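Note sheet for the following structure.
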There are 2 protein chains.
Amino acid sequence: MTQATSRQATVGGLADSEDGGPADDATPEAASTRERILNVAIDLFTEKGFDGASLREIAERLDVTKAAIYYHFASKDDILMALHMRLHEFGKDALGKMTDEPVTLELWGELLGQLVGQMLAQRKLFLLHERNQAALEKLHRDDHDAEHDDIQDRFRRVLADPRVSLRDRVRMACSFGAAFAGLFMSGDAFEGTSNQELGELLRDAMRDILAG
Amino acid sequence: MTQATSRQATVGGLADSEDGGPADDATPEAASTRERILNVAIDLFTEKGFDGASLREIAERLDVTKAAIYYHFASKDDILMALHMRLHEFGKDALGKMTDEPVTLELWGELLGQLVGQMLAQRKLFLLHERNQAALEKLHRDDHDAEHDDIQDRFRRVLADPRVSLRDRVRMACSFGAAFAGLFMSGDAFEGTSNQELGELLRDAMRDILAG
DNA sequence: GTCTATATTTCGATAGAC
DNA sequence: GTCTATCGAAATATAGAC
(Lines give C-alpha, C1' and ligand atoms only; values in the text may rest on other atoms or scores of the structure.)
Protein backbone atom coordinates (compact mmCIF):
# COMPACT_ATOMS: atom_id res chain seq x y z
CA MET A 1 0.00 0.00 0.00
CA THR A 2 1.33 3.39 -0.94
CA GLN A 3 0.76 6.72 0.76
CA ALA A 4 -1.60 7.90 -1.91
CA THR A 5 -5.16 7.37 -0.76
CA SER A 6 -7.97 7.97 -3.18
CA ARG A 7 -9.68 11.34 -3.10
CA GLN A 8 -8.47 12.25 0.34
CA ALA A 9 -6.26 14.97 -1.02
CA THR A 10 -4.95 17.34 1.58
CA VAL A 11 -4.01 20.90 0.95
CA GLY A 12 -0.36 20.11 0.72
CA GLY A 13 2.14 22.41 2.31
CA LEU A 14 -0.52 23.63 4.69
CA ALA A 15 -1.78 20.53 6.42
CA ASP A 16 -0.75 16.90 6.00
CA SER A 17 1.53 16.59 8.96
CA GLU A 18 0.49 13.50 10.86
CA ASP A 19 0.80 9.73 10.56
CA GLY A 20 3.39 8.37 8.20
CA GLY A 21 2.40 10.49 5.22
CA PRO A 22 4.92 12.40 3.18
CA ALA A 23 6.49 14.96 5.46
CA ASP A 24 4.99 18.40 5.62
CA ASP A 25 7.25 20.87 3.96
CA ALA A 26 6.60 24.04 5.87
CA THR A 27 10.38 24.27 6.08
CA PRO A 28 11.42 26.14 2.95
CA GLU A 29 14.79 24.58 2.12
CA ALA A 30 13.81 21.80 -0.28
CA ALA A 31 10.23 21.19 -1.31
CA SER A 32 9.03 17.64 -0.88
CA THR A 33 8.43 15.64 -4.01
CA ARG A 34 4.73 15.90 -3.39
CA GLU A 35 4.96 19.68 -3.36
CA ARG A 36 7.16 19.74 -6.42
CA ILE A 37 4.64 17.62 -8.29
CA LEU A 38 1.85 20.02 -7.36
CA ASN A 39 3.87 23.05 -8.43
CA VAL A 40 4.71 21.58 -11.81
CA ALA A 41 1.12 20.43 -12.23
CA ILE A 42 -0.16 23.97 -11.72
CA ASP A 43 1.96 25.18 -14.60
CA LEU A 44 1.30 22.32 -16.98
CA PHE A 45 -2.43 22.02 -16.29
CA THR A 46 -2.73 25.74 -16.91
CA GLU A 47 -0.61 25.86 -20.06
CA LYS A 48 -1.93 22.75 -21.78
CA GLY A 49 -5.12 22.02 -19.91
CA PHE A 50 -5.74 19.17 -17.48
CA ASP A 51 -6.43 16.66 -20.23
CA GLY A 52 -3.76 18.04 -22.51
CA ALA A 53 -1.02 17.61 -19.92
CA SER A 54 0.16 14.07 -19.26
CA LEU A 55 1.73 12.53 -16.20
CA ARG A 56 4.69 11.65 -18.38
CA GLU A 57 5.35 15.37 -18.94
CA ILE A 58 5.08 16.14 -15.26
CA ALA A 59 7.45 13.32 -14.45
CA GLU A 60 9.94 14.38 -17.11
CA ARG A 61 9.99 17.95 -15.88
CA LEU A 62 10.81 16.70 -12.37
CA ASP A 63 13.22 14.10 -13.66
CA VAL A 64 11.38 11.24 -12.00
CA THR A 65 9.14 8.51 -13.40
CA LYS A 66 5.38 8.25 -13.56
CA ALA A 67 5.46 5.54 -10.93
CA ALA A 68 6.97 8.01 -8.47
CA ILE A 69 3.99 10.27 -8.97
CA TYR A 70 1.65 7.39 -8.21
CA TYR A 71 3.34 6.93 -4.87
CA HIS A 72 2.23 10.41 -3.86
CA PHE A 73 -1.14 10.54 -5.58
CA ALA A 74 -3.75 7.88 -6.17
CA SER A 75 -4.66 9.19 -9.59
CA LYS A 76 -4.31 12.11 -11.95
CA ASP A 77 -7.65 13.40 -10.68
CA ASP A 78 -6.22 13.31 -7.20
CA ILE A 79 -3.57 15.85 -8.18
CA LEU A 80 -6.19 18.22 -9.49
CA MET A 81 -8.25 17.71 -6.35
CA ALA A 82 -5.27 18.59 -4.16
CA LEU A 83 -4.84 21.84 -6.08
CA HIS A 84 -8.54 22.53 -5.78
CA MET A 85 -8.36 22.10 -2.01
CA ARG A 86 -5.39 24.40 -1.91
CA LEU A 87 -7.42 27.16 -3.52
CA HIS A 88 -10.38 26.45 -1.31
CA GLU A 89 -8.19 27.03 1.70
CA PHE A 90 -7.47 30.57 0.57
CA GLY A 91 -11.04 31.41 -0.31
CA LYS A 92 -12.81 30.17 2.77
CA ASP A 93 -11.97 33.18 4.93
CA ALA A 94 -13.79 35.55 2.61
CA LEU A 95 -16.63 33.09 2.21
CA GLY A 96 -17.11 32.90 5.96
CA LYS A 97 -18.70 36.32 5.84
CA MET A 98 -21.63 35.01 3.86
CA THR A 99 -24.58 34.01 6.00
CA ASP A 100 -28.06 33.11 4.88
CA GLU A 101 -29.04 36.75 4.84
CA PRO A 102 -29.37 38.42 1.45
CA VAL A 103 -25.99 39.82 0.44
CA THR A 104 -25.86 43.60 0.15
CA LEU A 105 -23.72 45.54 -2.29
CA GLU A 106 -21.67 46.73 0.67
CA LEU A 107 -20.95 43.22 1.93
CA TRP A 108 -20.18 42.08 -1.58
CA GLY A 109 -17.71 44.91 -1.92
CA GLU A 110 -15.94 43.92 1.29
CA LEU A 111 -15.86 40.30 0.25
CA LEU A 112 -14.47 41.01 -3.16
CA GLY A 113 -11.96 43.51 -1.86
CA GLN A 114 -10.54 40.77 0.32
CA LEU A 115 -10.68 38.25 -2.48
CA VAL A 116 -8.76 40.50 -4.86
CA GLY A 117 -5.84 40.46 -2.47
CA GLN A 118 -5.85 36.69 -2.38
CA MET A 119 -6.21 36.45 -6.12
CA LEU A 120 -3.17 38.65 -6.57
CA ALA A 121 -1.19 36.48 -4.19
CA GLN A 122 -2.39 33.20 -5.70
CA ARG A 123 -2.69 34.18 -9.34
CA LYS A 124 -1.52 30.86 -10.73
CA LEU A 125 -3.95 28.84 -8.67
CA PHE A 126 -6.91 30.96 -9.76
CA LEU A 127 -5.81 30.85 -13.39
CA LEU A 128 -5.62 27.08 -13.19
CA HIS A 129 -9.23 26.99 -12.09
CA GLU A 130 -10.42 29.40 -14.75
CA ARG A 131 -8.86 27.36 -17.49
CA ASN A 132 -10.00 23.94 -16.33
CA GLN A 133 -13.68 24.38 -15.62
CA ALA A 134 -14.70 21.24 -17.47
CA ALA A 135 -12.23 19.01 -15.66
CA LEU A 136 -13.18 20.49 -12.29
CA GLU A 137 -16.86 19.95 -12.94
CA LYS A 138 -16.19 16.34 -13.77
CA LEU A 139 -14.19 16.04 -10.58
CA HIS A 140 -17.13 17.27 -8.55
CA ARG A 141 -19.53 15.02 -10.40
CA ASP A 142 -17.42 11.97 -9.65
CA ASP A 143 -16.95 12.98 -6.05
CA HIS A 144 -19.72 11.37 -4.09
CA ASP A 145 -18.80 12.56 -0.60
CA ALA A 146 -19.48 16.00 -1.98
CA GLU A 147 -18.88 18.56 0.69
CA HIS A 148 -20.66 21.09 -1.45
CA ASP A 149 -19.54 24.42 -0.13
CA ASP A 150 -17.59 25.09 -3.25
CA ILE A 151 -16.63 28.71 -3.75
CA GLN A 152 -18.16 28.91 -7.16
CA ASP A 153 -21.44 27.41 -5.97
CA ARG A 154 -21.69 29.91 -3.16
CA PHE A 155 -21.14 32.78 -5.54
CA ARG A 156 -23.74 31.56 -7.95
CA ARG A 157 -26.28 31.03 -5.22
CA VAL A 158 -25.86 34.65 -4.16
CA LEU A 159 -26.22 35.86 -7.74
CA ALA A 160 -29.43 33.87 -8.08
CA ASP A 161 -30.93 35.02 -4.77
CA PRO A 162 -34.39 36.38 -5.65
CA ARG A 163 -34.45 38.52 -2.50
CA VAL A 164 -31.87 40.79 -4.12
CA SER A 165 -32.86 43.00 -7.04
CA LEU A 166 -31.76 41.90 -10.49
CA ARG A 167 -29.93 45.15 -10.99
CA ASP A 168 -27.85 44.66 -7.86
CA ARG A 169 -27.08 41.07 -8.68
CA VAL A 170 -25.89 42.00 -12.15
CA ARG A 171 -23.71 44.66 -10.57
CA MET A 172 -22.23 42.07 -8.23
CA ALA A 173 -21.38 39.78 -11.12
CA CYS A 174 -19.91 42.67 -13.07
CA SER A 175 -17.72 43.80 -10.21
CA PHE A 176 -16.32 40.33 -9.87
CA GLY A 177 -15.74 40.10 -13.59
CA ALA A 178 -13.99 43.44 -13.56
CA ALA A 179 -11.46 42.26 -11.00
CA PHE A 180 -11.12 38.96 -12.75
CA ALA A 181 -10.47 40.45 -16.16
CA GLY A 182 -7.87 42.82 -14.78
CA LEU A 183 -6.02 39.89 -13.30
CA PHE A 184 -6.46 37.05 -15.74
CA MET A 185 -7.86 38.04 -19.09
CA SER A 186 -5.38 40.71 -19.96
CA GLY A 187 -2.50 38.36 -20.51
CA ASP A 188 0.65 40.14 -19.45
CA ALA A 189 -0.57 43.60 -20.39
CA PHE A 190 -0.18 44.79 -16.80
CA GLU A 191 2.85 42.71 -16.02
CA GLY A 192 5.10 45.59 -15.09
CA THR A 193 2.60 46.85 -12.56
CA SER A 194 3.05 46.11 -8.87
CA ASN A 195 0.43 44.05 -7.14
CA GLN A 196 -0.37 46.94 -4.88
CA GLU A 197 -0.96 49.45 -7.68
CA LEU A 198 -2.99 46.99 -9.73
CA GLY A 199 -4.99 45.99 -6.68
CA GLU A 200 -5.92 49.59 -5.96
CA LEU A 201 -6.93 50.31 -9.53
CA LEU A 202 -9.12 47.24 -9.54
CA ARG A 203 -10.73 48.08 -6.23
CA ASP A 204 -11.48 51.58 -7.52
CA ALA A 205 -13.19 50.20 -10.60
CA MET A 206 -15.17 47.74 -8.48
CA ARG A 207 -16.32 50.53 -6.23
CA ASP A 208 -17.64 52.48 -9.20
CA ILE A 209 -19.70 49.52 -10.30
CA LEU A 210 -21.14 48.81 -6.89
CA ALA A 211 -21.80 52.47 -6.09
CA GLY A 212 -22.89 53.33 -9.68
CA MET B 1 -9.60 12.19 -51.52
CA THR B 2 -12.33 13.46 -49.29
CA GLN B 3 -13.75 16.95 -49.05
CA ALA B 4 -11.99 17.64 -45.81
CA THR B 5 -8.82 19.61 -46.47
CA SER B 6 -6.44 20.22 -43.64
CA ARG B 7 -6.68 23.50 -41.75
CA GLN B 8 -8.65 25.27 -44.43
CA ALA B 9 -11.74 25.37 -42.30
CA THR B 10 -14.40 27.71 -43.57
CA VAL B 11 -16.92 29.43 -41.40
CA GLY B 12 -19.58 26.92 -42.16
CA GLY B 13 -23.10 28.07 -42.72
CA LEU B 14 -21.86 31.48 -43.71
CA ALA B 15 -19.42 30.89 -46.53
CA ASP B 16 -18.38 27.58 -48.09
CA SER B 17 -20.55 27.74 -51.17
CA GLU B 18 -18.32 27.07 -54.13
CA ASP B 19 -16.54 24.14 -55.74
CA GLY B 20 -17.70 20.68 -54.81
CA GLY B 21 -17.65 21.18 -51.06
CA PRO B 22 -20.53 20.16 -48.87
CA ALA B 23 -23.48 22.34 -49.79
CA ASP B 24 -23.96 25.60 -47.96
CA ASP B 25 -26.87 25.37 -45.65
CA ALA B 26 -28.25 28.88 -45.62
CA THR B 27 -31.59 27.21 -46.31
CA PRO B 28 -33.02 26.41 -42.89
CA GLU B 29 -34.96 23.17 -43.57
CA ALA B 30 -32.38 20.51 -42.71
CA ALA B 31 -28.88 21.35 -41.55
CA SER B 32 -26.13 19.66 -43.52
CA THR B 33 -24.15 16.99 -41.72
CA ARG B 34 -21.23 19.36 -41.56
CA GLU B 35 -23.34 21.92 -39.75
CA ARG B 36 -24.83 19.33 -37.46
CA ILE B 37 -21.36 18.17 -36.51
CA LEU B 38 -20.34 21.74 -35.67
CA ASN B 39 -23.45 22.31 -33.59
CA VAL B 40 -22.94 19.17 -31.56
CA ALA B 41 -19.25 19.96 -31.20
CA ILE B 42 -20.03 23.35 -29.67
CA ASP B 43 -22.05 21.69 -26.94
CA LEU B 44 -19.68 18.82 -26.23
CA PHE B 45 -16.47 20.83 -26.38
CA THR B 46 -18.02 23.29 -23.97
CA GLU B 47 -19.44 20.74 -21.54
CA LYS B 48 -16.50 18.36 -21.40
CA GLY B 49 -13.67 20.39 -22.86
CA PHE B 50 -12.03 19.90 -26.25
CA ASP B 51 -9.79 17.09 -25.04
CA GLY B 52 -12.43 15.55 -22.84
CA ALA B 53 -14.91 15.20 -25.69
CA SER B 54 -14.22 12.43 -28.20
CA LEU B 55 -15.22 12.10 -31.82
CA ARG B 56 -16.97 8.90 -30.84
CA GLU B 57 -19.33 10.90 -28.64
CA ILE B 58 -20.02 13.42 -31.36
CA ALA B 59 -20.71 10.62 -33.81
CA GLU B 60 -23.01 8.81 -31.39
CA ARG B 61 -25.02 11.91 -30.70
CA LEU B 62 -25.57 12.36 -34.43
CA ASP B 63 -26.13 8.67 -35.01
CA VAL B 64 -23.34 8.42 -37.56
CA THR B 65 -19.87 6.90 -37.38
CA LYS B 66 -16.52 8.53 -36.75
CA ALA B 67 -15.55 7.93 -40.36
CA ALA B 68 -18.41 10.12 -41.49
CA ILE B 69 -16.98 12.97 -39.47
CA TYR B 70 -13.62 12.50 -41.16
CA TYR B 71 -15.28 12.99 -44.51
CA HIS B 72 -16.26 16.51 -43.48
CA PHE B 73 -13.23 17.45 -41.42
CA ALA B 74 -9.57 16.60 -41.83
CA SER B 75 -9.00 16.25 -38.11
CA LYS B 76 -10.45 16.97 -34.70
CA ASP B 77 -8.43 20.17 -34.62
CA ASP B 78 -10.09 21.14 -37.88
CA ILE B 79 -13.50 21.11 -36.20
CA LEU B 80 -12.29 23.45 -33.49
CA MET B 81 -10.73 25.69 -36.12
CA ALA B 82 -14.01 25.90 -38.01
CA LEU B 83 -15.75 27.02 -34.82
CA HIS B 84 -13.00 29.51 -34.16
CA MET B 85 -13.47 31.01 -37.62
CA ARG B 86 -17.18 31.20 -37.03
CA LEU B 87 -16.62 33.35 -33.95
CA HIS B 88 -14.07 35.44 -35.76
CA GLU B 89 -16.67 36.25 -38.38
CA PHE B 90 -18.92 37.80 -35.76
CA GLY B 91 -16.19 39.75 -34.05
CA LYS B 92 -14.50 41.32 -37.04
CA ASP B 93 -17.08 44.10 -37.51
CA ALA B 94 -16.40 45.51 -34.06
CA LEU B 95 -12.68 45.02 -34.52
CA GLY B 96 -12.75 46.98 -37.75
CA LYS B 97 -13.10 50.13 -35.71
CA MET B 98 -9.65 49.70 -34.24
CA THR B 99 -6.97 51.54 -36.11
CA ASP B 100 -3.36 52.11 -35.08
CA GLU B 101 -4.38 55.14 -33.10
CA PRO B 102 -4.45 54.81 -29.33
CA VAL B 103 -7.88 53.59 -28.27
CA THR B 104 -9.87 56.05 -26.17
CA LEU B 105 -12.31 55.10 -23.44
CA GLU B 106 -15.10 56.38 -25.69
CA LEU B 107 -14.12 54.20 -28.61
CA TRP B 108 -13.68 51.24 -26.30
CA GLY B 109 -17.17 51.82 -24.95
CA GLU B 110 -18.63 51.84 -28.46
CA LEU B 111 -16.71 48.72 -29.39
CA LEU B 112 -17.77 46.83 -26.33
CA GLY B 113 -21.37 47.95 -26.57
CA GLN B 114 -21.50 46.40 -30.00
CA LEU B 115 -19.68 43.31 -28.85
CA VAL B 116 -22.10 42.73 -25.97
CA GLY B 117 -24.91 42.41 -28.47
CA GLN B 118 -23.00 39.82 -30.43
CA MET B 119 -22.02 37.97 -27.30
CA LEU B 120 -25.66 37.75 -26.29
CA ALA B 121 -26.59 36.41 -29.71
CA GLN B 122 -23.68 33.96 -29.87
CA ARG B 123 -23.39 32.98 -26.24
CA LYS B 124 -22.50 29.37 -26.88
CA LEU B 125 -19.70 30.20 -29.27
CA PHE B 126 -18.12 32.64 -26.83
CA LEU B 127 -18.47 30.21 -23.96
CA LEU B 128 -16.75 27.54 -26.03
CA HIS B 129 -13.78 29.86 -26.45
CA GLU B 130 -13.63 30.82 -22.81
CA ARG B 131 -13.53 27.22 -21.73
CA ASN B 132 -10.98 25.97 -24.23
CA GLN B 133 -8.18 28.48 -24.06
CA ALA B 134 -5.46 25.85 -23.89
CA ALA B 135 -6.69 23.94 -26.91
CA LEU B 136 -7.11 27.15 -28.92
CA GLU B 137 -3.61 28.29 -28.08
CA LYS B 138 -2.23 24.99 -29.25
CA LEU B 139 -4.23 25.38 -32.43
CA HIS B 140 -2.63 28.74 -33.09
CA ARG B 141 0.81 27.41 -32.27
CA ASP B 142 0.45 24.56 -34.73
CA ASP B 143 -0.97 26.86 -37.38
CA HIS B 144 1.95 28.10 -39.41
CA ASP B 145 0.08 30.23 -41.96
CA ALA B 146 -0.88 32.31 -38.96
CA GLU B 147 -3.13 35.13 -40.07
CA HIS B 148 -2.59 36.76 -36.74
CA ASP B 149 -5.45 39.18 -36.41
CA ASP B 150 -7.00 37.12 -33.70
CA ILE B 151 -9.58 38.94 -31.63
CA GLN B 152 -7.89 38.15 -28.37
CA ASP B 153 -4.52 39.35 -29.64
CA ARG B 154 -5.97 42.65 -30.77
CA PHE B 155 -7.57 43.20 -27.39
CA ARG B 156 -4.39 42.44 -25.55
CA ARG B 157 -2.38 44.70 -27.77
CA VAL B 158 -4.71 47.58 -26.93
CA LEU B 159 -4.50 46.82 -23.23
CA ALA B 160 -0.71 46.86 -23.46
CA ASP B 161 -0.50 50.07 -25.48
CA PRO B 162 1.89 52.34 -23.54
CA ARG B 163 0.40 55.46 -25.16
CA VAL B 164 -2.71 54.94 -23.03
CA SER B 165 -2.55 55.54 -19.28
CA LEU B 166 -2.43 52.48 -17.06
CA ARG B 167 -5.54 53.62 -15.28
CA ASP B 168 -7.55 53.79 -18.50
CA ARG B 169 -6.27 50.44 -19.70
CA VAL B 170 -7.23 48.78 -16.46
CA ARG B 171 -10.66 50.36 -16.80
CA MET B 172 -10.97 48.94 -20.30
CA ALA B 173 -10.10 45.46 -19.11
CA CYS B 174 -12.53 45.79 -16.23
CA SER B 175 -15.39 46.91 -18.43
CA PHE B 176 -14.88 43.93 -20.66
CA GLY B 177 -14.70 41.61 -17.69
CA ALA B 178 -17.89 43.10 -16.31
CA ALA B 179 -19.82 42.27 -19.45
CA PHE B 180 -18.18 38.90 -19.67
CA ALA B 181 -19.00 37.93 -16.10
CA GLY B 182 -22.60 38.97 -16.49
CA LEU B 183 -22.89 36.70 -19.48
CA PHE B 184 -20.74 33.71 -18.75
CA MET B 185 -19.54 33.44 -15.20
CA SER B 186 -22.88 33.64 -13.47
CA GLY B 187 -24.06 30.24 -14.59
CA ASP B 188 -27.79 30.44 -15.07
CA ALA B 189 -28.37 33.03 -12.35
CA PHE B 190 -29.82 35.46 -14.89
CA GLU B 191 -31.46 32.86 -17.05
CA GLY B 192 -34.97 34.21 -16.73
CA THR B 193 -33.85 37.64 -17.89
CA SER B 194 -34.40 38.72 -21.48
CA ASN B 195 -31.38 39.46 -23.62
CA GLN B 196 -32.51 43.04 -23.98
CA GLU B 197 -32.85 43.69 -20.26
CA LEU B 198 -29.58 41.97 -19.43
CA GLY B 199 -27.83 43.78 -22.23
CA GLU B 200 -28.96 47.16 -20.91
CA LEU B 201 -27.93 46.39 -17.34
CA LEU B 202 -24.53 45.32 -18.55
CA ARG B 203 -24.06 48.38 -20.72
CA ASP B 204 -25.01 50.58 -17.76
CA ALA B 205 -22.40 48.94 -15.56
CA MET B 206 -19.80 49.25 -18.30
CA ARG B 207 -20.55 52.95 -18.67
CA ASP B 208 -19.98 53.48 -14.96
CA ILE B 209 -16.56 51.90 -15.20
CA LEU B 210 -15.49 53.84 -18.27
CA ALA B 211 -16.89 57.14 -17.00
CA GLY B 212 -15.84 56.48 -13.38
C1' DG C 1 -21.56 10.30 -48.08
C1' DT C 2 -21.56 6.78 -44.94
C1' DC C 3 -20.13 2.33 -43.45
C1' DT C 4 -16.91 -1.70 -41.30
C1' DA C 5 -12.61 -2.75 -39.79
C1' DT C 6 -8.21 -1.75 -38.33
C1' DA C 7 -3.78 0.63 -37.69
C1' DT C 8 -1.16 3.39 -34.48
C1' DT C 9 -0.22 5.99 -30.58
C1' DT C 10 -0.61 7.59 -26.06
C1' DC C 11 -2.40 7.65 -21.76
C1' DG C 12 -3.55 6.33 -16.96
C1' DA C 13 -2.57 2.89 -13.90
C1' DT C 14 -0.37 -1.44 -11.67
C1' DA C 15 3.15 -5.09 -10.22
C1' DG C 16 7.11 -6.01 -8.20
C1' DA C 17 12.33 -5.31 -7.68
C1' DC C 18 15.53 -2.40 -5.24
C1' DG D 1 10.57 6.47 -2.24
C1' DT D 2 11.88 5.57 -6.78
C1' DC D 3 12.70 2.47 -10.49
C1' DT D 4 11.71 -0.90 -14.85
C1' DA D 5 8.37 -3.07 -17.36
C1' DT D 6 3.99 -3.76 -18.85
C1' DC D 7 -1.16 -3.91 -19.21
C1' DG D 8 -5.59 -2.48 -20.90
C1' DA D 9 -8.39 1.11 -22.50
C1' DA D 10 -9.49 4.72 -25.37
C1' DA D 11 -8.34 8.05 -28.60
C1' DT D 12 -7.25 9.87 -33.41
C1' DA D 13 -6.91 8.66 -37.86
C1' DT D 14 -6.88 5.67 -42.25
C1' DA D 15 -8.18 2.05 -45.89
C1' DG D 16 -11.35 0.44 -48.71
C1' DA D 17 -16.18 -1.50 -49.63
C1' DC D 18 -20.81 0.08 -50.69
Side-chain angles (χ1 to χ4, degrees), chain A residues 1-7 9 12 16 19-25 30-38 40-41 44-45 48-82 134-135 138-139 142, chain B residues 1-7 9 12 16 19-25 30-38 40-41 44-45 48-82 134-135 138-139 142:
Chain A
M1 177 87 180
T2 70
Q3 300 294 353
T5 57
S6 172
R7 288 298 159 68
D16 198 37
D19 73 88
D24 186 355
D25 210 83
S32 66
T33 299
R34 186 190 155 91
E35 287 304 301
R36 290 174 64 229
I37 292 171
L38 288 175
V40 169
L44 275 178
F45 290 171
K48 320 186 61 166
F50 177 72
D51 289 295
S54 67
L55 296 179
R56 179 183 53 79
E57 285 179 283
I58 296 180
E60 272 172 9
R61 209 177 266 205
L62 289 170
D63 214 52
V64 296
T65 61
K66 277 191 295 174
I69 296 179
Y70 275 99
Y71 173 79
H72 295 280
F73 297 93
S75 65
K76 190 185 181 186
D77 280 7
D78 200 38
I79 300 178
L80 185 60
M81 180 60 90
K138 183 170 163 57
L139 208 63
D142 295 350
Chain B
M1 176 86 182
T2 70
Q3 300 294 353
T5 57
S6 172
R7 287 299 158 67
D16 197 39
D19 73 87
D24 186 356
D25 209 87
S32 66
T33 299
R34 188 191 153 89
E35 286 305 300
R36 291 172 64 228
I37 292 171
L38 289 175
V40 169
L44 276 178
F45 290 171
K48 321 185 64 166
F50 178 71
D51 290 295
S54 67
L55 296 180
R56 179 182 54 77
E57 284 179 285
I58 296 179
E60 273 172 9
R61 207 175 268 204
L62 289 170
D63 214 52
V64 294
T65 62
K66 279 188 294 174
I69 296 179
Y70 276 99
Y71 172 79
H72 294 280
F73 297 94
S75 67
K76 190 185 181 184
D77 280 7
D78 200 39
I79 301 178
L80 184 60
M81 179 61 89
K138 183 171 163 56
L139 207 64
D142 295 351

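Per chain, numbering begins at 1; letters A, B, ... match sequence-line order. No experiment lies behind these values; they were computed from the predicted model shown.
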For K48(A), all residues meeting side chain to side chain donor-acceptor pair (under 3.5 Å), sequence neighbours excluded: E57(A)
Show the nearest heavy-atom pair for residues Y70(A) and S75(A), with the distance to one decimal. CE2-CA, 4.0 Å
T65(B) side chain near dC3(C) phosphate (N/O to OP1/OP2, under 4.0 Å): yes
Using side-chain heavy atoms (C-beta onward) and a distance below 4.5 Å, is L55(A) in contact with I79(A)? yes
Report the residues that fulfil salt bridge (Lys or Arg N to Asp or Glu O under 4.0 Å) with K76(A), sequence neighbours left out, ordered by chain and then residue number. none
Atom pair distance, as rounded to whole Å: CD1 in I79(A) and P in dC11(C): 14 Å
Any side-chain N or O of T33(A) under 4.0 Å from OP1/OP2 of dG1(D)? no
What integer distance in Å separates I69(B):CD1 from dA15(D):C1'? 18 Å
Those residues that, when tested against V40(A), pass side-chain contact (heavy atoms from CB on, under 4.5 Å) (two or more places apart): L44(A), I58(A), R61(A), L62(A)
Can you tell me how far P of dC3(C) sits from CG of L62(B), to the nearest Å? 10 Å
Protein-proximity profile, nucleotides 12-18 of chain C, B/S/- by nucleotide at the 4.0 Å heavy-atom cutoff, equals BBBB---
Rounding to a whole Å, what distance do you find between R34(B):CZ and dT2(C):C1'? 17 Å
Under-4.0 Å side-chain N/O to phosphate OP1/OP2 contact, Y71(A) with dG1(D): yes
My understanding is that only residues two or more places apart in sequence, or in another chain, count here; which of them pass side-chain contact (heavy atoms from CB on, under 4.5 Å) with E60(A)? R56(A)
L80(A) CG - dC11(C) P separation (whole Å): 18 Å
Whole angstrom value for the distance that separates C1' of dT14(D) from CZ of F73(B): 18 Å
